[in-house]
Amino acid sequence: MPLTREVFKGNTPDGKTLEPTLETFKAEHPEMAEQLSFILADGIYQTPENQKVTKDVLQAKLVAPINPRNRKDKPTTARGLKNQPVRHSHLYQWT
């Protein structure tokens, strides 16, 4: 269920859309915004600027996987498959 929405021009980089979206969410749902500890987002949003924006706007931590673009697969032994490439970009470790 969508909790808010924003419409941007087609040439707006995705990474630049987080702040206005968080501001709209906070304005529309102030009680819910106060209770948030984490914001989960796509890897394109993982920038130092967006980390700061999330903390400043919602006092929350941005959790976004590192964008795997331009990364190469690493050969790994996966259960029963020796020396087969495993796409590490699809494995996430939460700490």
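If you take OH on Tyr45 and CD1 on Ile39, they are separated by 12.0 Å, rounding to the nearest 0.5 Å. We find the CD-NZ distance between Glu31 and Lys26 to be 12.5 Å, quoted to the nearest 0.5 Å.
Pro65 approaches Ala41 most closely through the heavy-atom pair CD-O, 3.3 Å.
Side chains of Gln46 and Gln51: a donor on one and an acceptor on the other come within 3.5 Å.
Looking at heavy atoms from C-beta onward, Thr54 lies in side-chain contact with Leu22 at the 4.5 angstrom threshold. Using a 4.5 Å heavy-atom cutoff, the side chains of Val57 and Glu23 are in contact. By the 4.5 Å heavy-atom criterion applied to side chains, Met32 and Leu3 are counted as neighbours. The shortest distance between side-chain heavy atoms of Leu18 and Leu62 falls below 4.5 Å. A 4.5 Å side-chain heavy-atom check between Phe8 and Thr21 finds at least one atom pair inside the cut-off.
With respect to the salt-bridge test (charged N to carboxylate O, under 4.0 angstrom), the residues Glu49 and Lys16 qualify. Using a 4.0 Å cut-off between charged nitrogen and carboxylate oxygen, Glu28 and Arg5 count as a salt-bridge pair.
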